[in-house]
Amino acid sequence: MYTDKDGNTYNSKEDYYNSPDLELEDIYVYLLSGKRTPQNESEREIKAEMDKIHASGGIVETSLNF
């Protein structure tokens with residue numbers, strides 16, 4: 001079980017990372033880090049663009065980079 005900062009409970013941390021309830025910025029960070037599986041076409045497109053930038057030596061920046 002995993003409980004987020006708002007008290008929501010998930011079966012696992014993986015379920016949390018793939019939750020539709022996350023803020024958009026968190027979704028981007030988890031997609032970028034590989035913790036989140038794209039959940040829809042929009043996320044697949046975003047992930048593909050991030051991968052393309054990374055593959056060309058670029059850096060994808062978010063306010064939550066770690």
Side-chain angles (χ1 to χ4, degrees):
M1 293 295 274
Y2 176 76
T3 303
D4 69 12
K5 64 182 183 332
D6 296 324
N8 299 312
T9 304
Y10 301 88
N11 290 328
S12 66
K13 212 163 191 180
E14 183 177 290
D15 284 351
Y16 166 73
Y17 293 138
N18 289 301
S19 168
D21 302 325
L22 296 175
E23 297 290 327
L24 190 57
E25 184 73 16
D26 293 333
I27 290 172
Y28 289 162
V29 169
Y30 295 142
L31 282 171
L32 182 60
S33 69
K35 293 179 179 181
R36 181 180 178 91
T37 303
Q39 302 296 303
N40 55 47
E41 187 59 33
S42 176
E43 288 185 22
R44 281 187 282 284
E45 290 173 5
I46 290 166
K47 177 69 169 134
E49 188 64 28
M50 288 178 178
D51 290 346
K52 186 188 309 182
I53 292 168
H54 183 68
S56 69
I59 297 172
V60 177
E61 292 188 27
T62 71
S63 63
L64 301 175
N65 275 354
F66 52 96

**Q.** From CD (Gln39) to CD1 (Ile27), nearest 0.5 Å
**A.** 8.5 Å
Q | Residue pair Ile59 / Ile53: nearest heavy atoms and the distance that separates them | A | N-CG2, 4.0 Å
Q: Hey, could you give me the CG/OH distance between Asn8 and Tyr2, rounded to the nearest 0.5 Å?
A: 10.5 Å
Q) Mind checking whether Tyr16 and Tyr10 have parallel, tilted or perpendicular rings, split at 30° and 60°? A) perpendicular
Q | Contact list for residues 46-55, test side-chain hydrogen bond (donor to acceptor under 3.5 Å, both in side chains), sequence neighbours left out | A | Lys47-Asp51
(Q) Are Met50 and Leu24 linked, directly or through intermediate hydrophobic residues, by side-chain heavy-atom contacts shorter than 4.5 Å (ILVMFWY only)? (A) yes
Q. In chain order, what residues pass the ring-ring contact (aromatic ring centres under 6.0 Å, His included) check against Tyr28, with sequence neighbours excluded?
A. none
**Q.** Gap separating the OH atom of Tyr17 from the OG1 atom of Thr37, nearest 0.5 angstrom
**A.** 12.0 Å
Q. Pro38 and Glu43: which non-hydrogen atoms are nearest, and at how many Å?
A. CA-OE1, 3.6 Å
**Q.** Glu41 atom CD, neighbour heavy-atom count above 12 within 6.0 Å
**A.** yes
Q: Kindly compute the distance separating CD1 (Ile46) from CG (Leu32), expressed to the nearest 0.5 Å.
A: 11.5 Å
Q | Any pair counted as salt bridge (Lys or Arg N to Asp or Glu O under 4.0 Å), so long as it reaches residues 1-22, sequence neighbours left out | A | none
